[in-house]
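See structure below.
First the proteins, then the strands, lettered A, B, ... as listed; each starts at 1.
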Amino acid sequence: MSVTTRFAPSPTGHLHIGGARTAIFSWLLARHFKGKFRFRIEDTDLQRSKQEYTDSILASMQWLGLTWEGETTYQTKRMDVYSKYVDQLLASGHAYWCSCTAEEVDAMRERAKGLGLKPRYDGHCRELGLGPGEGRCVRLKCPLQGKVVFDDMVKGRISIDVAELDDMVIRRSDGTPTYNMAVVVDDHDMGITHVIRGDDHVSNTPRQILIYQALGFEVPTFGHVPMILGPDGAKLSKRHGARAVIEYQKDGLLPQALVNYLVRLGWSHGDQEIFSLEELVELFDGTHLNPSAARFDSRKLEWLNGHYMKKLPVEELARLTRPFAEDCGYGALSDERLQTLCTLFRDRARTLVELAASFAPMLKTADELEFDPACVEKQLNAEGRAHLEKLLPCFEQVVDFSPEPINEALKAYVEGQGLKFKQVAPPLRAAIVGYMGGSHLPDLMAFLGKEDSLARIRKAIALG
RNA sequence: GUCCCCAUCGUCUAGCCGGCCCAGGACAGCGGCCUUUCACGCCGUCAACGGCGGUUCAAAUCCGCCUGGGGACGCCA
């Protein structure tokens, strides 16, 4: 079986995580079955569509690693094609011209509502045999009775009575096709076999199936994935903070973490939580998709991100962290030093932003270093400073100021005085980093160098 | 209002062609271990089948109703 899927966003905003997830599912299905994944821009809404958003969506797709086959299709370039198919429907008697105005149709809907019925067009022009004319649109002549039934990949069998549907407009009075018409024509022309899209499209599907049938096209398989809800269970919106893919990118998330998280939100493979892209391609066959809506949990996303940050080769991690470090205003940083910092701090950061921020105390001079007041009070008291004073000459004697010798010097002092590391290390840490955090002390001191390390210790001593 | 869809720990989920489930994993929380800090890691712990009926020897698993949630009802996409 050959499989062709597609992702068809409308450029009225950035790529949203909901859209990203359907794109990923579509991409995975195509890759799994060694089929094709296509891309289409649904830009028929001239008012809201912007080139800026098309560019942004493209950039996000690339960032996520979603590649597609063939040219990108733009609906605005296919107006004549849609027109041809509408004419075909008109000619075959599957569609008719309608002269009802928007006001008249609104009135019909109100009337139906009043009767407790579904608001719908009542078929006023259906048998009038009208021809083209100013202000006239074309409507599909829907069957009067029967059911539209389809087997959804995620929801199972869905059945709707055609009585629920009305004769929908397929060509507006300005000559442009409506969404449902354009989608059907495009999906058919692009050879789409599996349509994966958001839950909010289920009610469009029976309408589209009617168009497929009227046109004599083969109906593809549909898969409607549930929406992603905000942490509070409400529909995801601007109020919930970051929700566009680029925002997560700016927050220092890794694409593989986002992909892993999004895929796992609504799809599962037993108890497995971590999946490489290769594994996903191998495992994702369109089954085991959860039919119910899921809430977005940024904590789990960050946990995954931390996981991937630990696994990345340092060179790669450093390369990805560089722009974030630059945003912190650290100034020039050699690859080597950046990589050292990354290995030193990667285990305690969950995002690239956090990682870059954690470098701060290491990239200041002793003069610029600020001590955390609470830490000063607790660790840099008389006793702590006394240790530092005695430690100073020990470190001064270290010729090769690298982790091992530094550690030896520290050890010699601790053991020579019959102390415990617990008594000495905390004040030293306070002096070196300014707060009770950071990485392995000797590593940090080696990174700072002898001069800076000693200057920090002297500065701490001077606090008294 | 009408139609469609959904319903397992706080969250994501496994299980759902009935018994192996007094429900498993993960995140978060809590407790502990490790420890030259903080993390990481490891160990442990808390915690759920929305309600009511039915079918059955047996139901989280099948059926019905109810409740709750979501979506749709455009000459938007």
Side-chain angles (χ1 to χ4, degrees), chain A residues 8-10 12 42-45 47-49 75 98 100-102 105-106 109 112-121 135-139 152 154-156 158-161 163-166 168-174 176-180 182-183 198-206 224 226-227 229 231 233-235 261 264-274 288 290-297 299-304 306 310 345-350 358 375 379 407 410-411 414 420-426 428-430 432-433 435-442 444:
Chain A
S10 67
T12 53
E42 306 207 329
D43 52 356
T44 52
D45 185 339
Q47 307 298 319
R48 299 193 300 147
S49 296
Q75 289 192 323
C98 171
C100 295
T101 63
V105 176
D106 282 346
R109 296 209 165 91
K113 248 182 183 170
L115 293 167
L117 299 169
K118 191 164 185 136
R120 54 200 290 276
Y121 174 69
R136 290 181 184 178
C137 64
V138 176
R139 288 179 182 273
D152 192 89
V154 355
K155 308 253 182 201
I158 292 176
S159 167
I160 281 111
D161 200 302
E164 293 299 323
L165 278 17
D166 59 3
M168 70 189 125
V169 172
I170 53 177
R171 175 194 277 158
R172 301 188 187 96
S173 45
D174 66 1
T176 59
T178 54
Y179 167 73
N180 284 123
V183 165
D199 214 346
D200 48 337
H201 283 289
V202 275
S203 57
N204 278 324
T205 305
H224 290 94
M227 323 209 64
L229 272 23
K235 193 175 174 179
Y261 178 74
R264 193 60 187 65
L265 200 64
W267 176 83
S268 61
H269 181 255
D271 287 338
Q272 192 171 343
E273 296 286 350
I274 311 273
H288 292 97
N290 198 127
S292 55
R295 299 186 190 204
F296 192 84
D297 181 10
R299 288 175 303 186
K300 188 161 182 179
L301 205 210
E302 289 190 357
W303 166 74
L304 268 169
K310 286 178 199 83
F345 290 92
R346 57 160 31 171
D347 281 353
R348 58 219 86 204
R350 294 195 143 197
S358 68
C375 181
Q379 309 298 350
N407 200 33
L410 179 59
K411 217 162 120 186
V414 169
K420 298 222 158 120
F421 274 104
K422 262 192 216 163
Q423 297 169 268
V424 183
L428 180 58
R429 174 173 301 280
I432 298 298
V433 258
Y435 69 99
M436 294 313 284
S439 195
H440 188 58
L441 226 21
L444 296 178

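With both pairing distances under 3.5 Å, B/rA7 is matched to B/rU67 as a Watson-Crick or G-U wobble pair. Searching all strands for a Watson-Crick or G-U wobble partner of B/rA72 with both distances below 3.5 Å returns B/rU2. Across all strands shown, B/rU61 forms no Watson-Crick or G-U wobble pair with both distances under 3.5 Å. Across every strand in view, B/rG18 sits unpaired, with no contact that passes the Watson-Crick or G-U test at under 3.5 angstrom. Pair check for B/rU56 finds none; no Watson-Crick or G-U wobble contact set falls under 3.5 Å. In this structure, B/rC40 forms no base pair with any nucleotide, since neither Watson-Crick nor G-U wobble geometry is met with both distances under 3.5 Å. The partner of B/rG29, taking Watson-Crick or G-U wobble pairs whose two distances both stay under 3.5 Å, is B/rU45.
Atom C1' of nucleotide B/rG10 and atom CG of A/Leu229 are separated by 15 Å, given to the nearest angstrom. Nucleotide B/rC40 holds its C1' atom 5 Å from the CG atom of A/Asp347, rounded to whole Å. The separation between A/Glu164 atom CD and B/rC5 atom P is 11 Å, rounded to whole Å. Across the protein-nucleic acid pair, A/Arg348 atom CZ and B/rC40 atom P stand 9 Å apart, rounded to whole Å. When the C1' atom of B/rG29 is taken as reference, atom CZ of A/Arg299 falls 8 Å away, rounded to whole Å. For the pair A/Leu304 CG and B/rU11 C1', the computed distance is 13 Å after rounding to whole Å. If you take CD of A/Gln423 and P of B/rU35, they are 16 Å apart, rounded to a whole angstrom. The distance between atom CG of A/Asp271 and atom C1' of B/rA14, rounded to the nearest whole Å, is 5 Å.
When atom types are taken as modelled, the side chain of A/Thr205 and the backbone of A/His201 share a donor-acceptor pair closer than 3.5 angstrom. Judged by distance alone, the side chain of A/Arg136 and the main-chain N or O of A/Cys100 form no donor-acceptor pair under 3.5 Å. The main-chain N or O of A/Lys420 is found under 3.5 Å from a side-chain atom of A/Gln423 such that the two form a donor-acceptor pair.
Between B/rC75 and A/Arg109, a contact under 4.0 Å exists linking OP1 or OP2 to a side-chain N or O. Using a 4.0 Å cut-off, some side-chain N or O of A/Arg350 falls inside it from OP1 or OP2 of B/rA28. Between B/rA77 and A/Thr44, a contact under 4.0 Å exists linking OP1 or OP2 to a side-chain N or O. At least one side-chain nitrogen or oxygen of A/Asn290 sits closer than 4.0 Å to the OP1 or OP2 atom of B/rA14. Between A/Ser268 and B/rA14 there is a side-chain N or O to OP1 or OP2 distance below 4.0 Å.
Remark: A/Lys300 does not engage A/Asp297 in a salt bridge, criterion side-chain N to carboxylate O under 4.0 Å. Using a 4.0 Å cut-off between a side-chain N of Lys or Arg and a carboxylate O of Asp or Glu, A/Asp166 and A/Arg139 do not qualify as a salt bridge.
Here B/rA7 is the nucleotide among B/rA7, B/rG25, B/rC75 with the atom lying nearest to any side-chain atom of A/Ser292. The nucleotide whose nearest atom lies closest to any side-chain atom of A/Ile158 is, among B/rC4, B/rC75, B/rG1, B/rC4. Distances from the side chain of A/Asp200 to the nucleotides B/rG71, B/rC12, B/rU36 place B/rG71 closest. Distances were taken from every side-chain heavy atom of A/Lys118 (C-beta onward) to each of B/rC6, B/rG1, B/rG25; the shortest belongs to B/rG1. With distances taken from any side-chain atom of A/Cys137 to the nucleotides B/rC75, B/rU11, B/rA77, the minimum falls on B/rC75.
Open room surrounds NZ on A/Lys113; 12 or fewer heavy atoms of other groups in view lie less than 6.0 Å from it.
Residues A/Arg429 and A/Leu444 are in side-chain contact: their nearest non-hydrogen atoms beyond the backbone lie under 4.5 Å apart.
Stacking between A/Trp303 and the base of B/rC27 is absent under the criterion of ring centres within 5.5 Å and planes under 30 degrees.
No hydrogens or angles were tested; on distance alone, nothing pairs the side chain of A/Thr178 with the base of B/rC75 as donor and acceptor under 3.5 Å. In this model, no side-chain donor or acceptor of A/Gln272 finds a partner on the base of B/rG25 within 3.5 Å.
Closest-nucleotide positions on RNA chain B for A/Gly266 and A/Asn407 were compared, and the one nearer the 5' end corresponds to A/Gly266. Residues A/Ala425 and A/Leu301 each lie close to RNA chain B; by heavy-atom proximity, the contact nearer the 5' end of the strand is made by A/Leu301.
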